[in-house]
Amino acid sequence: MPYELAVEELTVKFRHMMKEYQDMGMYSPIEQVKGRVKRSSSIIDKAYRKNIPLATCKLEEAMDDIAGIRIICQFVDDIKEVVEIIRGRSDMKVIREQDYITNRKRSGYRSYHITIEYEVETIHGRMRLPVEIQIRTLAMNFWAVIEHSLQYKYQGELPEHIHERILKAADAVLSLDEEMSSIRDEVMDAQHIFQDKANMVENILHILEKIHNLMTEEEYQRIYNKFFQIYKTGDMLELADFNANISQLDELLQQRKTKQDEEKKIGEKRTAGEKKIEEKKTEEKKAEEKTMERESQDAASRNI
Ligand code: 0O2
């Protein structure tokens with residue numbers, strides 16, 4: 001099914017963006033990515049709700065959320081960044097945007113929806129499909145998932161007392177998001193520090209593995225224990241120092257190894273050359289001996 005392909009490809013692409021941010025030690029505006037193809041029962045329900053004649057029309061023209069991607073962010077401000085990323089993509093053509101964050105729905109629902117046109121290549125050729133991307137914060141998602149389940153349970157007719165409570169919960173989610181936005185910089189700093197630490201530890205472990213064979217076991221154990229001690233204290237400055245020192249040590253050890261390898265090669269070449277000369281000399285000596293033997297035999301026969 002081409003919808004599945006579109007969802008899988010887009011999920012990989014957005015998850016890869018998260019990885020790119022992480023690899024660069026940067027904060028990612030995308031926290032989680034989920035994808036789904038609308039289930040047949042939901043397609044029928046929606047078609048019925050919207051008076052779409054399923055048998056007669058092209059489904060993707062009447063329903064643009066058969067393929068759906070959900071991007072979850074930590075903060076409301078991250079949503080704007082994700083929207084900008086999508087608008088700038090050459091492989092995603094924006095065809096519709098619905099801002100349910102500025103204008104929340106009467107149900108209390110908040111989310112930013114972007115419908116894009118996305119091209120997939122199938123064995124039957126190229127196809128352009130609509131995909132709905134819902135972008136929301138963790139808090140908005142929490143609310144939407146609960147409300148969706150309640151709507152399902154009560155088949156769209158929430159009892160008044162539940163409706164009131166769900167609206168109150170929507171207000172609480174709004175203030176939670178606002179509160180979190182005000183401490184976004186603090187949280188992002190903390191996450192940066194965590195990411196920096198993770199990157200440094202990864203680099204140190206990688207180098208330790210690389211240099212293991214280039215030093216004595218005692219030397220290696222001493223360096224490893226030092227790293228472990230610093231890691232346990234959690235002192236970022238000491239960790240950064242250690243990271244710089246071990247990177248330098250790695251460079252020196254690699255240079256030493258390259259030099260040793262070159263010297264070994266030269267030594268081997270020299271030995272091979274000397275061996276050849278030695279062999280040549282032996283051959284010449286043998287030939288000389290043979291000639292002398294032949295000459296003495298000739299002389300002897302002449303004397304006879
Ligand atoms: P499911 O099961 O999630 O697929 P429109 O054509 O814009 O007037 P449409 O096509 O319903 O109306 O689009 P809309 O309103 O943007 O909704 C698309 C999707 O957004 C919905 O898909 C939901 O996933 C989500 N959504 C919209 N409103 C609400 C809401 O009040 N509560 C919750 N929890 N989610 C909402 P489906 O097909 O309804 O459902």
Side-chain angles (χ1 to χ4, degrees), residues 1-8 10-11 14 30-73 76 78-80 82-83 86-87 92-118 128-177:
M1 219 167 133
Y3 291 107
E4 269 170 25
L5 181 58
V7 168
E8 274 173 29
L10 285 164
T11 308
F14 285 115
I30 302 174
E31 172 68 14
Q32 287 169 25
V33 181
K34 298 172 183 183
R36 66 101 183 94
V37 174
K38 215 178 183 69
R39 300 224 308 264
S40 308
S41 57
S42 299
I43 294 179
I44 296 169
D45 282 351
K46 190 160 184 174
Y48 180 72
R49 227 170 46 227
K50 298 201 151 220
N51 268 331
I52 300 168
L54 278 178
T56 52
C57 70
K58 273 196 170 174
L59 216 51
E60 65 267 23
E61 282 167 15
M63 220 178 273
D64 55 18
D65 65 343
I66 296 177
I69 298 288
R70 189 166 292 157
I71 295 179
I72 317 281
C73 309
V76 182
D78 298 336
I79 296 176
K80 289 182 212 148
V82 176
V83 170
I86 296 171
R87 285 182 187 151
M92 304 176 195
K93 186 179 169 214
V94 176
I95 48 178
R96 191 156 75 126
E97 292 189 27
Q98 289 157 295
D99 182 358
Y100 297 132
I101 293 178
T102 316
N103 312 300
R104 81 170 178 185
K105 280 195 160 187
R106 283 183 54 205
S107 61
Y109 178 76
R110 286 160 68 233
S111 224
Y112 200 99
H113 290 192
I114 297 191
T115 306
I116 58 159
E117 203 171 65
Y118 183 73
R128 297 188 74 82
L129 300 171
V131 179
E132 185 186 80
I133 306 176
Q134 299 181 344
I135 313 157
R136 48 172 88 147
T137 61
L138 285 158
M140 290 173 195
N141 189 51
F142 177 47
W143 182 94
V145 169
I146 303 286
E147 197 261 359
H148 194 275
S149 309
L150 288 171
Q151 290 289 358
Y152 187 76
K153 180 176 175 190
Y154 293 103
Q155 292 179 340
E157 296 293 331
L158 289 188
E160 196 45 41
H161 68 285
I162 294 194
H163 181 62
E164 270 174 27
R165 283 162 76 179
I166 208 83
L167 281 180
K168 265 193 186 164
D171 289 340
V173 164
L174 181 65
S175 19
L176 177 64
D177 272 333

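Atoms within a ligand are numbered from 1 in the order they appear, just like the ligands themselves.
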- Considering Tyr152, Tyr100, Trp143, Tyr109, which one's heavy-atom position lies nearest to atom 14 (P) of ligand 1? Tyr100
- Message: Which of the numbered atoms in ligand 1 are under 4.0 angstrom from any heavy atom belonging to Glu132?
- Response: 18 (C), 19 (C)
- Item | Numbered atoms and elements of ligand 1 in range of Arg36, under 4.0 angstrom, heavy atoms | 4 (O)
- Message: Checking a contact table here: which protein heavy atom is nearest atom 7 (O) of ligand 1, and how many Å away?
- Response: Gln98 NE2, 2.8 Å
- Query: So which bit of Arg104 gets within less than 4.0 Å of ligand 1, heavy atoms only: side chain, backbone, both or neither?
  - Reply: neither
- Task: Starting from atom 13 (O) of ligand 1, locate the nearest protein heavy atom and write down its residue, its atom name and how far away it is, to 0.1 Å.
- Result: Lys46 NZ, 4.3 Å
- Task: Examine Ser107 against ligand 1 and note whether any of their N/O atoms are separated by less than 3.5 Å.
- Result: yes
- In this structure, atom 23 (C) of ligand 1 is nearest to the protein heavy atom Gln134 NE2, 3.8 Å
- Task: Kindly confirm or rule out an N or O of Ser42 lying under 3.5 angstrom from an N or O of ligand 1.
- Result: no
- Heavy-atom contacts with Lys105 under 4.0 Å: which atoms of ligand 1 show up? List them by number with element. 14 (P), 15 (O), 27 (C), 28 (N)
- Which residue owns the protein heavy atom closest to atom 34 (N) of ligand 1, what's the atom, and how far is it? Glu147 OE1, 2.9 Å
- Message: Between Asp45 and Arg39 (salt bridge meaning N to carboxylate O under 4.0 Å), is one present in this structure?
- Response: no
- With backbone taken as N, CA, C and O and side chain as the heavy atoms from C-beta onward, which portion of Arg106 lies under 4.0 Å from ligand 1: side chain, backbone, both, or neither? neither
- Message: Nearest 0.5 angstrom please: Ile72 CD1 to Ile79 CD1, how far?
- Response: 9.5 Å
- Query: What protein heavy atom is closest to atom 8 (O) of ligand 1, reported as residue, atom name and distance in Å?
  - Reply: Lys50 NZ, 3.5 Å
- Starting from atom 22 (O) of ligand 1, locate the nearest protein heavy atom and write down its residue, its atom name and how far away it is, to 0.1 Å. Asp65 OD2, 3.6 Å
- Task: Among all protein heavy atoms, pick out the one at the shortest distance from atom 2 (O) of ligand 1; state its residue, atom name and that distance to 0.1 Å.
- Result: His148 NE2, 3.1 Å
- Query: In terms of residue, atom name and distance, what is the protein heavy atom nearest to atom 4 (O) of ligand 1?
  - Reply: Lys38 NZ, 2.5 Å
- Heavy-atom closest pair (Gln134 atom, Ser111 atom, distance to 0.1 Å) is CB-OG, 4.3 Å
- Rounded to the nearest 0.5 angstrom, the CD1-CG distance for Ile162 and Leu150 is 6.0 Å
- Message: Could you check whether atom OH of Tyr109 has more than 12 heavy atoms from other residues, nucleotides or ligands sitting under 6.0 Å from it?
- Response: yes
